[in-house]
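One structure is given below, encoded as structure tokens.
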Amino acid sequence: METIVAQRMETIPLLTPYKMGKFDLPHRIAMAPMTRCRSYGNVPQPHAVLYYSQRATNGGLLITEATGVSDTAQGYPETPGVWTKEQVEAWRPIVDAVHAKGAVLFCQLWHGGRVSHNGYQPNGQDPISSSDKQIPMEALPEGNEVYSRPRRLSTEEIPEIVDWFRAAARNAIEAGFDGVEIHGANGYLVEQFLKDSCNDRIDEYGGSIANRCRFASEVVEAVADEIGADRVGIRLSPFLDFMDCWDSEPEALALHVVEELNKHGILYCHMLEPRMEMVEGKLKIPHKLLPMRKAFKGTFIVAGGYDREEGNKVVDEDYADLVAYARHFLANPDLPKRFELDAALNKYDRNTFYTQDPVVGYTDYPSLEDSS
Ligand SMILES: Cc1cc2nc3c(=O)[nH]c(=O)nc-3n(C[C@H](O)[C@H](O)[C@H](O)COP(=O)(O)O)c2cc1C
């Protein structure tokens, strides 16, 4: 009996407190950004109030779905933005509801770049990118729309794009967000500049690693100047090849970006693990982020394939400060509670990840309380 009680009382690493800058987080379980395609006309909707507040815990960190910085940012149906006054007003009740539960909410600032087609673009124009290379059909996820050949941005246009991120960050703060996460991962615009599979420029934004990092660094600097580095994070995926965006030297690239981030003193770096690998019949995370974790001076968040056990392990080993969960959080609004109790998890339904229904697959996953 005593042993059972002792085991129950034992605090698991994921549930230990952590101070992220000025934010006192009571646990290490963050909600990863997830596009849900339910923001009709690029405007966040009232149903998102319930979705995000269901997942909010007192002091817990939530990161929103990818949120467009301009009317050229989209590449999926019904994704939200934060470039108009209407969008800012629409985010406000969502942020307020999350704050009412005591959670911390960061807005993921996103530009899809060439992950788009003319149908998503104002006046049917071509999507913009670091390059004019189209994403080859065979590199697209199964069933994905085909994306258009992009227009390569001229050197002179780049300050305007950087400014979109700056203005969007300002808007996010006006909507009440605690901070922003710059989306520098998963093959979107920032990563299209970073990686050599996609960046074939010959100006100062292409070629060497330092040049390819210039755009990301300028975005980080502009956003940090605008809202304060203590409210800025970034997401990176150096080892992934999503949307045909990969690099020949991922670790060197990632270390260079991290050094740049240190110069700007931003709050956190959120990095994705390489894709999971099959080892002895089990899917395993190939942990490759330690050099970047050691080099980065702020909070280090990891994501990609984590469960309760792996999350506890990496926090315990000081490989990460926080662990972000996507699919498990999507299907388990009370994920921190379930981890605390080591309770069974609801299974996620891929079929409703990106559908437009305001309830089904969105706010209808039960919490433990609902189930009992
Ligand atoms: C439905 C869905 C939407 C996603 N949308 C985004 C997004 O908007 N921004 C982003 O950076 N990653 C996005 N991702 C990737 C996740 O944040 C995460 O990196 C990935 O799912 C691996 O983590 P997991 O194993 O915990 O699910 C999405 C993933 C899913 C399943």
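Positions are given from 1 along the sequence. We count ligands from 1, going down the list as the structure has it; atoms in each ligand are counted the same way.
Gln121 and Ser116 form a side-chain donor-acceptor contact under 3.5 Å, judged by distance and modelled atom types alone. Side-chain contact annotation: Glu65 with Tyr51, donor-acceptor N/O pair under 3.5 Å absent.
Under the 4.5 Å side-chain criterion, counting only non-hydrogen atoms from C-beta, Leu189 is in contact with Ile161.
The pair Arg151-Glu157 meets the salt-bridge criterion, since a charged nitrogen lies less than 4.0 angstrom from a carboxylate oxygen.
Of all the atoms in ligand 1, the ones that sit under 4.0 Å from a non-hydrogen atom of Leu272 are 19 (O). Ligand 1 places these atoms under 4.0 Å from at least one heavy atom of Gly305: 23 (O), 24 (P), 25 (O). For ligand 1 and Gly304, the ligand atoms under 4.0 Å from any heavy atom of the residue are 22 (C), 23 (O), 25 (O). Close contacts between ligand 1 and Gln108 involve ligand atoms 7 (C), 8 (O), 9 (N), 10 (C), 11 (O) [criterion: under 4.0 Å to a heavy atom]. Close approach to Tyr325 involves these atoms of ligand 1, each under 4.0 Å from a residue heavy atom: 26 (O). Contact atoms of ligand 1 toward Ala32: 17 (O) (distance under 4.0 Å to a heavy atom of the residue). Near Ala66, meaning under 4.0 Å from any of its heavy atoms, are these atoms of ligand 1: 8 (O). Here is the list of ligand 1 atoms found below 4.0 Å of a heavy atom in Asn186: 10 (C), 11 (O), 12 (N).
Heavy atoms of His183 approach ligand 1 to within less than 4.0 angstrom. A heavy-atom separation below 4.0 Å is not found between Tyr348 and ligand 1.
Considering Asp307, Thr35, Thr67 only, the shortest heavy-atom separation from atom 3 (C) of ligand 1 involves Thr35. If you check each of Met34, Arg235, Arg36 against atom 12 (N) of ligand 1, the one with the closest non-hydrogen atom is Arg235.
Each of Phe106, Phe23, Tyr18 was compared with Tyr268 under the ring pair (Phe, Tyr, Trp, His ring centres under 6.0 Å) criterion, and only Phe106 meets it.
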